[in-house]
Amino acid sequence: MSEEQKVSPSRKRPTTDEFRAFVATGWAPRSTEVTPRSEVADHAARRREAVSAAFPGERLVVPAGGLKVRSNDTDYVFRPHSAFAHLTGLGSDREPDAVLVLEPRAGDAAGHEAVLYFRPLADRDTEEFFGDSRYGEFWVGARPTLADIESELGLAARHIDEFSDAVGKDAGQVTVRVVRDADAEVAVRVDRARAAASETQDATEAETRVDRQREADDQLAHFLSTLRLVKDEWEVEQMRDAVEGTRLGFEAVIADLPEAVRRGRGERWVEGVFGLHARHHGNGVGYDSICASGDHANTLHWIKNTGEVRDGDLLLLDAGVEVDSLFTADITRTLPVSGTFTDAQRRIYDAVYAAQEAGIAACKPGNKFSDVHAAAIRVIAEHLHEWGLLPEGVDVEGTLDADHGQYHRRWMVHGTSHHLGLDVHDCALATREEYSDAELEPGMVLTVEPGLYFKADDELVPDELRGNGVRIEDDILITDDGCENLSAAMPRSSADVEAWIAGIWGARS
């Protein structure tokens, strides 16, 4: 943090006309070159065409979202809303407060014009240049110009100050929809524009109108979410890059496991090592890393990462690199901290591995998404029955009975799969019919991640199993004739994991 931000509020920056003139002069001319067209621009344009076809003649408002205060005068690192990123191609930390508007073309012309409203680079003689600590070039760096955005993305660009007038134009004659959860302030502006265009004075009628508008907004959000169910070739390559970065991060963690043990508070050490590589390879982590050692692995979303990493423990590392385009991997490996599984740990691990193999085998076109879970959970149930852990009189079919069974869920509470992409749990607004009951199609990317979790205080399992949690997770691309494991370069079987660790440690010695 700069000294300017630390000083007392009573110490103000100079504001005289003479100082402003001094700050505004003496700079080398800015480059006249504009940002070249991005490789994602054509893909984003095709996505917008699909949206345009679904909502003909309507004005569609997709905000990026705004900066959020972390503490006092510092903000969290910005990440644009996923729908905005998908339709513009902007990733990383771009562009806070921007709004994409798909404006219906007038007359006989079909489709929409894509217009991006954002805050462009300010001139050096403006107050923003020097005096605005949130947006000014002196403070946070140069922003793109209008010409940069138009060149890079292949759409029209306007100053964000023009947005309010543009969104309300003809609001009484044109249906206006907005992605509400992306930016509350933008949603309020759209609501005001729609209300101002309505001639309704009756309170009941006004309430009904608002309900219809909210329903229309929800329909847009739903469509934009499900638009990402099938990835194009560019998106698949982004996923490959994210997976490769994740592999590098996992191997760095493995190399440093002895240091995590030695240092104490080793889960934080593991988190930091992976985060370093995630930030270096891409935009950062795609979600808070789960670095769970020992019994912490039995807490499904253990992100506190405050525990020790001890020899003899299993380390469940669930982490993914988010690349600059914001596509993320989501991979889990369960690693023996000492380099070798105990007999009891191997017994659990091999059962989970067998379940994952069954789940991956079910990943093929024509199968339902739910078939993946059904295949994996049957193997889990078979092992639990074989080990005598199910209640007396309950066999495999009995526990798999959806209405009267499910006893196996004591040890595997979660589902086996979810869609993956811009969000780690992508396409979350899809309906059951579009998600779990839908057929798998080429281009879909999903995880396969069965697990077994035996808590340290679970008296229904043998002592030697307690305190061990295992999950194995890979990122699977559905292909024309089956599937491809995008993370296949990261070993999965117990023997291969041990060899993986030994090879990395051997290379370091």
Side-chain angles (χ1 to χ4, degrees), residues 41 44-66 80-90 95 97-120 146 149-150 153-228 429:
R46 284 195 292 271
R47 298 165 198 158
R48 294 194 298 270
E49 288 172 2
V51 180
S52 177
F55 300 94
E58 300 183 4
R59 181 174 297 134
L60 309 176
V61 181
V62 185
H81 190 277
S82 293
F84 175 89
H86 194 231
L87 296 181
T88 63
L90 291 173
E95 291 286 329
D97 303 319
V99 185
L100 173 68
V101 176
L102 299 186
E103 183 68 31
R105 292 192 178 98
D108 297 330
H112 292 72
E113 179 188 20
V115 183
L116 187 70
Y117 295 88
F118 77 108
R119 186 185 302 274
L146 295 173
I149 288 294
E150 292 187 338
L153 303 181
L155 42 64
R158 304 284 187 273
H159 197 291
I160 188 62
D161 289 348
E162 300 178 33
F163 168 71
S164 292
D165 289 338
V167 77
K169 180 184 63 174
D170 302 329
Q173 290 75 46
V174 177
T175 298
V176 182
R177 302 181 192 243
V178 60
V179 179
R180 304 194 66 82
D181 69 335
D183 190 316
E185 291 186 14
V186 171
V188 168
R189 286 194 220 173
V190 171
D191 287 341
R192 287 173 179 165
R194 294 188 294 204
S198 173
E199 298 178 356
T200 300
Q201 301 296 324
D202 181 84
T204 301
E205 290 182 9
E207 184 176 348
T208 300
R209 172 183 54 79
V210 170
D211 289 342
R212 286 199 304 266
Q213 290 170 343
R214 297 294 176 91
E215 183 178 351
D217 294 343
D218 290 345
Q219 290 168 352
L220 173 62
H222 170 264
F223 182 87
L224 297 182
S225 181
T226 57
L227 184 63
R228 305 199 300 268
L429 298 183

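Heads up: numbering here begins at 1 and tracks the sequence.
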J.: Report the distance from atom CG of Leu116 to atom NE2 of His159, rounding to the nearest 0.5 Å.
T.: 12.0 Å
J.: Could you walk me through whether Phe55 and Thr175 pass the side-chain contact (heavy atoms from CB on, under 4.5 Å) check?
T.: CA-CA 9 Å; Phe55 300 94; Thr175 298; over 6 Å; no
J.: Without swapping roles, check the side chain of Ser52 against the backbone of Arg48 for a donor-acceptor pair under 3.5 Å.
T.: no
J.: Can you see which heavy atom on Ala182 is nearest to which on Pro63, and at what distance?
T.: CB-O, 3.4 Å
J.: Take Val178 and Arg189, measure what side-chain contact (heavy atoms from CB on, under 4.5 Å) needs, and give me the verdict at the end.
T.: CA-CA 10 Å; Val178 60; Arg189 286 194 220 173; over 6 Å; no
J.: If you take all heavy atoms of Gly172 and Ala197, which pair is closest and at what distance?
T.: N-CB, 3.3 Å
J.: Other residues, nucleotides and ligands only: do more than 12 of their heavy atoms fall within 6.0 Å of CD on Gln219?
T.: yes
J.: Please confirm whether the backbone N or O of His112 pairs with a side-chain atom of Arg105, one donor and one acceptor, at under 3.5 Å?
T.: yes
J.: Run the side-chain contact (heavy atoms from CB on, under 4.5 Å) check on Val99 and Val167 step by step: do they pass?
T.: CA-CA 10 Å; Val99 185; Val167 77; over 6 Å; no
J.: Distance from Leu102 atom CG to Glu49 atom CD, nearest 0.5 Å?
T.: 11.0 Å
J.: Looking only at non-hydrogen atoms, find the nearest pair between Ala44 and Leu87 and report the distance.
T.: CB-O, 3.7 Å
J.: His86 side chain to Ser225 main-chain N or O, any donor-acceptor pair under 3.5 Å?
T.: no
J.: So, for Arg177 and Ala216, which heavy atoms are closest and what is the spacing to 0.1 Å?
T.: NH1-O, 2.8 Å
J.: In Å, rounded to the nearest 0.5 Å, how long is the span from CG of Asp218 to CG of Leu429?
T.: 8.5 Å
J.: Nearest heavy-atom pair of Ala193 and Ala171: which atoms, and what distance?
T.: O-CB, 3.8 Å
J.: Identify the two heavy atoms, one from Ala53 and one from Pro56, that lie closest to each other, and give their separation to 0.1 Å.
T.: O-CD, 3.5 Å
J.: Which value, rounded to the nearest 0.5 Å, describes the distance between Leu153 atom CG and Leu90 atom CG?
T.: 4.5 Å
J.: side-chain contact (heavy atoms from CB on, under 4.5 Å), that's the test. Do Val51 and Arg47 meet it? Break it down for me.
T.: CA-CA 7 Å; Val51 180; Arg47 298 165 198 158; 5.7 Å; no
J.: Rounded to the nearest 0.5 Å, what separation is found between the CG atom of Leu60 and the CZ atom of Phe223?
T.: 10.0 Å
J.: With sequence neighbours excluded, what pairs up with Asp170 under the side-chain hydrogen bond (donor to acceptor under 3.5 Å, both in side chains) test?
T.: none
J.: Hey, are the side chains of Pro104 and Glu58 touching, using non-hydrogen atoms and a 4.5 Å cut-off?
T.: no
J.: Roughly how far, to the nearest 0.5 Å, is CZ of Arg209 from CZ of Arg194?
T.: 8.5 Å
J.: The criterion is side chain to side chain contact (heavy atoms under 4.5 Å, CB included); which residues satisfy it with Arg158, sequence neighbours excluded?
T.: Glu113, Val115, Tyr117, Glu150, Ala156, Glu162
J.: Does Asp211 come within less than 4.0 Å of Arg214, counting only side-chain N to carboxylate O?
T.: no
J.: Name the residue from Asp183, Val179, Val176 that meets the side-chain contact (heavy atoms from CB on, under 4.5 Å) definition with Val190.
T.: Val176
